[in-house]
Visitor: 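A single structure is presented below for examination.
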Amino acid sequence: MVRRYDPERRERIIDAAVRVVADRGIGGLSHRAVAAEADVPLGSTTYHFASLDELLVAALRRCNDSFARAVRESRYLSDPAVPLADGLARLMGEWFTAGRGPLALEYELYLAALRRPALRPVAAEWADALAVLIADRTDRATARALAALLDGISLQVLLSGGEFDPEYAREMLARVAGRAGR
């Protein structure tokens with residue numbers, strides 16, 4: 001049997017895992033489901049990812065990278081004329097305007113780290129990366145507190161099914177940022 005050279009197969013498998021978790025939740029993730037979604041043989045998923053935890057780590061990293069890129073490229077955070085709390089509230093508004101799906105997926109993978117130790121370092125990477133991106137506009141401790149508040153507000157909106165309130169978010173973020181947030 002001739003093996004077909006397919007250098008992007010691993011990336012397609014990761015993308016398929018993200019779609020499976022988005023559609024079915026983490027409980028619906030299996031090598032078989034991902035193989036079907038990626039249109040690859042089952043052996044390909046187990047070749048590239050020996051365990052589901054390895055596949056979840058790759059999926060969470062993919063989601064983290066997407067969110068970090070969105071934060072880095074945000075016009076609100078790069079403009080020093082926009083107060084930090086305003087920029088962060090606007091950024092959150094963009095996340096919710098894009099639909100709850102991507103944000104819910106990110107948090108589902110993020111919170112899976114509570115039960116899956118393999119995911120913990122990757123979840124911590126996201127929190128640390130977000131704080132580093134915010135720290136360009138404030139001190140490190142305030143940046144960590146703001147990142148935690150972003151998570152908390154986002155989770156409350158997702159869990160309650162309520163609407164994102166940009167004024168509430170801005171006010172709370174401003175309270176935490178205080179004089180440090182410029």
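All of these numbers come straight from a predicted model, not from anything done at the bench.
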Visitor: Any chance you could measure D15, atom CG, to E8, atom CD, to the nearest 0.5 Å?
Guide: 10.5 Å
Visitor: Applying side-chain hydrogen bond (donor to acceptor under 3.5 Å, both in side chains) as the test, list every pair that has at least one member in residues 109-125; sequence neighbours left out.
Guide: D53-R116, R61-E125, Y110-D151
Visitor: Between R90 and E94, is the closest basic N to carboxylate O distance under 4.0 Å?
Guide: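 Salt bridge between E94 and R90, a charged N being under 4.0 Å from a carboxylate O: no.
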Visitor: Please tell me whether L55 and L42 are part of a single hydrophobic cluster in this structure, the criterion being side-chain heavy atoms less than 4.5 Å apart.
Guide: no
Visitor: For the residue pair L114 and L111, establish whether any side-chain heavy-atom pair is separated by less than 4.5 Å.
Guide: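 Touching, per the 4.5 Å side-chain cut-off.
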Visitor: Once you measure the plane-to-plane angle for F67 and W95, does it fall in the parallel (<30°), tilted (30-60°) or perpendicular (>60°) bin?
Guide: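 Correct class here is perpendicular.
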Visitor: I want to check something: taking the side chain as every heavy atom from C-beta on, are L77 and L133 in contact at a cut-off of under 4.5 Å?
Guide: no
Visitor: Can you check whether I26 reaches L52 side chain to side chain, under 4.5 Å on heavy atoms?
Guide: no
Visitor: For residues I134 and T142, determine if any side-chain heavy atom of one lies less than 4.5 Å from a side-chain heavy atom of the other.
Guide: no
Visitor: Can you confirm whether L146 sits close enough to L150 that some side-chain heavy atom of one is under 4.5 Å from a side-chain heavy atom of the other?
Guide: no
Visitor: Does the side chain of V132 come within less than 4.5 Å of R140's, by heavy atoms?
Guide: yes
Visitor: Can you name the one residue among D165, V157, I153 that meets side-chain contact (heavy atoms from CB on, under 4.5 Å) with M92?
Guide: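 Testing M92 for a side-chain contact (heavy atoms from CB on, under 4.5 Å) against D165, V157, I153 leaves exactly one candidate, I153.
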Visitor: If two hydrophobic side chains count as joined below 4.5 Å and joins carry through other members, does L155 share a cluster with V71?
Guide: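 Yes.
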Visitor: Taking side chain as C-beta onward, heavy atoms only, is R10 less than 4.5 Å from I14?
Guide: yes
Visitor: Is there a side-chain contact between R144 and L130, using heavy atoms and a 4.5 Å cut-off?
Guide: no
Visitor: Would you find more than 12 non-hydrogen atoms of other residues, nucleotides or ligands less than 6.0 Å from R19 atom CZ?
Guide: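 Above 12, so yes.
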